[in-house]
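Please read these numbers as outputs of a predicted model, since none were measured by experiment.
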Amino acid sequence: MTIPSMNDTLSLTFGALADPTRRAMLSRLSRGPATVKELAEPFAISLPAVSKHLKVLERAGLIERGREAQWRPAQLQAAPLKDASQWLEGYRQHWEENFDRLEDYLRKIQKGED
């Protein structure tokens with residue numbers, strides 16, 4: 001079994017999504033680009049701390065930062081989220097199959113077949 005590299009895209013995406021502050025920032029960015037100051041407003045954290053979170057999101061490819069005069073607005077890049085969703089999809093199917101088997105088993109028990 002090969003251990004995945006922490007530099008692979010999926011690992012970077014899930015690593016970035018592991019923090020609730022970063023997930024909230026992505027949620028805000030889903031409504032449109034925002035500056036560091038705008039992203040910091042709902043949080044009781046410093047602007048440098050917000051910048052660190054943005055660097056993690058940028059490294060994961062989840063945001064892109066532009067340049068407008070002295071500001072660097074960030075905007076959402078959703079492609080890595082699609083890759084993560086596709087990876088999770090296989091597990092959703094697994095759980096649905098397990099629930100279907102459980103449902104069948106419970107029906108048999110209710111009918112006294114088991």
Side-chain angles (χ1 to χ4, degrees):
M1 177 175 185
T2 304
I3 298 173
S5 165
M6 286 307 292
N7 290 324
D8 73 274
T9 305
L10 203 52
S11 294
L12 290 172
T13 299
F14 283 114
L17 294 175
D19 185 276
T21 302
R22 291 192 287 267
R23 290 193 303 271
M25 289 176 172
L26 289 177
S27 178
R28 165 56 187 88
L29 291 171
S30 71
R31 297 191 311 269
T35 64
V36 171
K37 185 178 178 187
E38 291 169 331
L39 290 169
E41 286 174 359
F43 306 106
I45 58 176
S46 66
L47 291 180
V50 171
S51 290
K52 286 181 181 177
H53 283 298
L54 291 176
K55 285 179 183 174
V56 172
L57 293 170
E58 193 170 21
R59 184 168 177 248
L62 291 165
I63 66 166
E64 186 175 275
R65 300 187 70 190
R67 184 167 297 279
E68 289 180 22
Q70 64 206 41
W71 294 284
R72 295 192 65 209
Q75 67 179 42
L76 178 67
Q77 299 294 311
L81 294 174
K82 183 179 178 186
D83 294 341
S85 176
Q86 288 173 341
W87 185 81
L88 289 170
E89 177 63 20
Y91 291 97
R92 185 186 64 78
Q93 291 173 353
H94 169 78
W95 283 107
E96 283 182 0
E97 290 169 8
N98 283 347
F99 286 132
D100 289 344
R101 283 195 300 273
L102 177 62
E103 186 177 357
D104 291 344
Y105 178 70
L106 292 173
R107 278 192 195 125
K108 286 180 184 177
I109 289 176
Q110 287 175 340
K111 290 179 182 178
E113 296 176 4
D114 196 52

Path from [X] to [Y] over hydrophobic side-chain contacts below 4.5 Å:
X   : Y   : answer
L12 : L81 : no
F99 : Y91 : no
V50 : L76 : yes
L17 : V56 : no
L26 : L54 : yes

Within a radius of less than 6.0 Å around CD of Q86, do more than 12 heavy atoms belonging to other residues, nucleotides or ligands occur?
-> yes
Check whether any side-chain heavy atom of L102 lies under 4.5 Å from a side-chain heavy atom of N98, and answer yes or no.
-> no
If we only count heavy atoms from C-beta on, is the W87 to D83 side-chain gap below 4.5 Å?
-> no
Has the side chain of S51 got a donor or acceptor atom that lies under 3.5 Å from a matching backbone atom of L47?
-> yes
Which heavy atom in [X] sits nearest to a heavy atom in [Y], and how many Å separate them?
X   : Y   : value
T13 : P80 : OG1-CB, 3.5 Å
Q77 : G61 : CB-O, 3.3 Å
A16 : L62 : CB-CD1, 3.7 Å
S30 : S27 : OG-O, 2.5 Å

Sequence neighbours left out, what passes salt bridge (charged side-chain N to carboxylate O under 4.0 Å, His left out) with [X]? Give chain and number order.
X    : answer
E96  : R92
D100 : none
R72  : none

Between R107 and D104, is a salt bridge (Lys or Arg N to Asp or Glu O under 4.0 Å) present by the stated rule, with each step listed?
-> CA-CA 5 Å; R107 278 192 195 125; D104 291 344; 3.6 Å; yes
Under the side-chain hydrogen bond (donor to acceptor under 3.5 Å, both in side chains) test, which residues partner R22, sequence neighbours left out?
-> H53
Residues two or more places apart in sequence or in another chain: which of them pass side-chain hydrogen bond (donor to acceptor under 3.5 Å, both in side chains) with R23?
-> none
Between CH2 on residue W95 and CG on residue L88, distance to nearest 0.5 Å | 13.5 Å
Applying side-chain contact (heavy atoms from CB on, under 4.5 Å), run through R59 and K55 and close with a yes or a no.
-> CA-CA 6 Å; R59 184 168 177 248; K55 285 179 183 174; over 6 Å; no
Report, one line per pair, each donor and acceptor closer than 3.5 Å where one atom sits in a side chain of residues 34-45; sequence neighbours left out.
| from | atom 1 | to | atom 2 | distance (Å) |
| --- | --- | --- | --- | --- |
| T35 | OG1 | E38 | N | 3.2 |
| T35 | OG1 | E38 | OE1 | 3.4 |
| E38 | OE1 | T35 | N | 2.8 |

